[in-house]
Amino acid sequence: MAVRRLLARLELPTDTVSLARYLIGKLLVRELPEGVASGRIVETEAYVVGDAAGHAYRGMTRRNRSLFLERGRAYIYLAYGSSYMLNISSETPGIGAGVLIRALEPLEGIPIMQLNRGVERLRDLARGPGRLAQALRVDRSLDGLDLCQEGSLWLGRGDHEPGEIGQSIRIGISRDADRPLRFYLRDSPFVSGPRSFTE
DNA sequence: TCCGCGATTAACT
DNA sequence: GTTAATCGCGGAA
């Protein structure tokens, strides 16, 4: 198994779009009582400053305050009453923006993820933001966590350069819907949405 | 307080 | 391809 090395905050681009692209190919590591579950990030979306689709658009609230932290923090919320969404804060403190993690290629702890998800098929473990959170048992209790510090959830360096990165409009939003702010690993079967609109 | 609405998913036809 | 489930948030009153 590849060495898991923590990503330092200084390695993370400050700019939201740059961060969304940078995170493709990086590792997301979850430490649970029964063991480690991890995966390679294969799909992200940027929710930039001044973005009408972003949760920070109307200012800071109790729910979205983690988006305004220094880059590399977790912002987690519940969508549709049933699915948790994991985001990583971007920009500088006081600026509300972040990157949604939409899909992982499972690497370690696959049996743990299978139990958490209640499905066997590798491709269905973390393809989609809600599935990903369920596979890694991510919920609001992790909101605000520093992902640049070893702990229950953290970001790791990938062991090689990612392949070709595609770009498209974001999935499932209505406002600011035409902006090409979704990034994904072009050849990965673990990507959730369409693979058209490639750059 | 009330009410409409999702950065989704799974189970349908 | 279509649709119901589900509930916290936040804007309106």
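Residue numbers begin at 1 in each chain, while the letters A, B, ... track the order of the sequences. Being a predicted model, the structure only gives us computed values, none of them experimental.
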**Prompt:** Looking at side-chain heavy atoms only, is the closest gap between A:Glu105 and A:Ile41 below 4.5 Å?
**Reply:**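 Result no, sub-4.5 Å side-chain heavy-atom pair not found.
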**Minimum side-chain heavy-atom gap A:Leu100-A:Tyr47 below 4.5 Å** = yes
**Request:** Report the secondary structure of DNA chain B in dot-bracket form, marking unpaired bases with a dot and bases paired to a different strand with |, and treating Watson-Crick or G-U pairs with both distances under 3.5 Å as paired.
**Result:** ||||||.|||||.
**Prompt:** For nucleotides 1-13 of chain B, read 5' to 3', which letter fits each nucleotide if B means a protein heavy atom sits under 4.0 Å from the base, S means only the sugar-phosphate is that close, and - means neither?
**Reply:** -----BBBSS---
**Message:** Please give me every residue in residues 135-145 of chain A whose heavy atoms get under 4.0 Å of an atom in DNA chain B, ordered by residue number.
**Reply:** none
**Under 3.5 Å side-chain donor-acceptor pair for A:Thr16 and A:Glu91** =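 Yes, a side-chain donor-acceptor pair sits under 3.5 Å.
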**Asked** Which residues pass the salt bridge (Lys or Arg N to Asp or Glu O under 4.0 Å) test with A:Glu150, sequence neighbours left out?
**Response** none
**Request:** List for me each residue that meets side chain to side chain donor-acceptor pair (under 3.5 Å) alongside A:Arg127, sequence neighbours excluded, and say none if there are none.
**Result:**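 Side chain to side chain donor-acceptor pair (under 3.5 Å) list for A:Arg127, sorted by chain: A:Asp124.
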**Message:** Before you tell me yes or no, could you show the steps for A:Asp15 and A:Leu19 under side-chain contact (heavy atoms from CB on, under 4.5 Å), namely the whole-Å CA-CA distance, both residues' side-chain angles and the distance that decides it to 0.1 Å?
**Reply:** CA-CA 6 Å; A:Asp15 170 73; A:Leu19 180 62; over 6 Å; no
Same apolar cluster (I L V M F W Y, side chains within < 4.5 Å links), [X]/[Y]:
X        : Y        : result
A:Ile88  : A:Ile76  : yes
A:Val191 : A:Leu136 : yes
A:Leu142 : A:Met85  : no

**Request:** Taking ring pair (Phe, Tyr, Trp, His ring centres under 6.0 Å) as the test, write out the residues that go with A:Tyr77, two or more places apart.
**Result:** A:His55, A:Tyr75
**Prompt:** Whole-Å distance between C:dT6 P and A:Tyr84 OH?
**Reply:** 14 Å
